[in-house]
Amino acid sequence: MTKKLFWQDAYIKEFDATVTSVAPNQIELDQTAFNPHGGGLVGDTGSLGGVKVLDTVKGNADVILHVVESSGTISVGSQVHGIIDWERRHKIMRMHTSAHLLSAIFNKETGALITGNQIEPERSRIDFSLEGFDRERMLGYCKQANEAIGKNPPVKTYFMKREEALQIPGITKLATAAPPDVQELRIVEIEGLDLQADGGIHVKNLGEIIRIDPMKFENKGKSNRRLYFTIP
Ligand SMILES: [Zn+2]
């Protein structure tokens, strides 16, 4: 299992680690600040011991794999310095927290459940299940999100016992995915607005998002709605 430095601090941009396994196109470390692809988020990019990291993915048994062009001379047991492409990564964090905020408002206002999301640095989307559709009201919810961003509440992450967490209404707004079968759930809280079981990376304060710009709404069948949005 790889120690997740991004859970201790999502703002670690550089770190040192020991190589635990090497294949021609992937490197495994004892610990990493690279966040893997998953939960709708794209994986981090950057460099490791001077080698370019193209993607970060989940392997078996809580292992994180760094996908590289070529692992070159990097060998098991050696120390490497990792550098994250921070500009891209910070945008992913801002996009991800934006998606939580929008989901919380949609859920509160309409009861909609989230059926999927795709978080990317340039453009993200949220899919939700909702019978009726009113564009003006949707835009109003985005405006509410921006008003919340303007108030800059903190975003906190912590662990909670599973039984305790599952009693919180709306702790998971995903229509399908049940929280992972673990003793302790990681909670992401936008103070005063949302509590969600989540393993991903987020900003510390909502104000870091600056602004959410809705791009377009799509109707995908009877009750499937999709929102594309971006951030500055
Ligand atoms: Zn999330």
Side-chain angles (χ1 to χ4, degrees), residues 4-12 32-44 55-58 62 64 84 88-130 141-142 144-145 148-149 153-160 162 165-166 168-182 184-210 212 214 225-231:
K4 301 179 181 82
L5 297 174
F6 51 86
W7 270 8
Q8 290 171 6
D9 180 359
Y11 290 78
I12 296 175
T32 190
F34 281 83
N35 183 63
H37 178 107
L41 275 70
V42 289
D44 280 338
D55 196 5
T56 308
V57 297
K58 284 177 186 159
D62 234 1
I64 294 170
I84 289 174
R88 179 177 178 277
R89 158 64 178 277
H90 189 230
K91 213 154 181 201
I92 296 167
M93 288 158 61
R94 294 168 61 224
M95 280 286 200
H96 187 201
T97 310
S98 300
H100 276 228
L101 175 63
L102 289 168
S103 303
I105 294 172
F106 290 168
N107 182 259
K108 185 178 104 211
E109 298 288 343
T110 70
L113 286 175
I114 309 308
T115 53
N117 58 53
Q118 182 76 46
I119 308 299
E120 293 183 49
E122 298 311 319
R123 183 179 86 154
S124 296
R125 60 162 224 248
I126 310 175
D127 290 333
F128 50 103
S129 112
L130 181 66
Y141 302 150
C142 294
Q144 254 190 62
I149 291 167
V155 181
K156 299 179 279 192
T157 59
Y158 48 89
F159 287 86
M160 204 185 256
R162 184 184 172 83
L166 293 182
I168 299 169
I171 194 71
T172 172
K173 290 168 195 69
L174 299 176
T176 47
D181 191 18
V182 288
E184 297 226 294
L185 291 179
R186 183 170 178 269
I187 308 295
V188 175
E189 176 182 357
I190 305 174
E191 200 177 87
L193 294 165
D194 187 41
L195 272 181
Q196 176 73 38
D198 189 82
I201 41 165
H202 289 272
V203 293
K204 268 192 204 132
N205 293 91
L206 216 53
E208 283 182 49
I209 296 168
I210 302 171
I212 295 171
R225 314 285 170 235
R226 176 171 285 179
L227 163 65
Y228 286 98
F229 66 93
T230 190
I231 54 175

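Whatever order the structure lists ligands and atoms in, that order sets their numbers, starting from 1. Source: prediction; values computed, not measured.
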Looking at D198, the N, O or S atom sitting nearest the Zn ion (ligand 1) is OD1

The atom name of the N, O or S atom in H100 nearest to the Zn ion (ligand 1) is NE2

Output for pair (T230 OG1, E120 CD), nearest 0.5 Å, gives 11.0 Å

Which of I92, I190, I119, L102 passes side chain to side chain contact (heavy atoms under 4.5 Å, CB included) with T97? Answer is I190

Can you classify the ring geometry of H100 versus H202 as parallel (below 30°), tilted (30 to 60°) or perpendicular (above 60°)?
perpendicular

Closer than 2.8 Å to the Zn ion (ligand 1), do we get an N, O or S atom from H96, backbone or side chain?
yes

Going by heavy atoms in the side chains, are Q118 and R123 under 4.5 Å from each other?
no

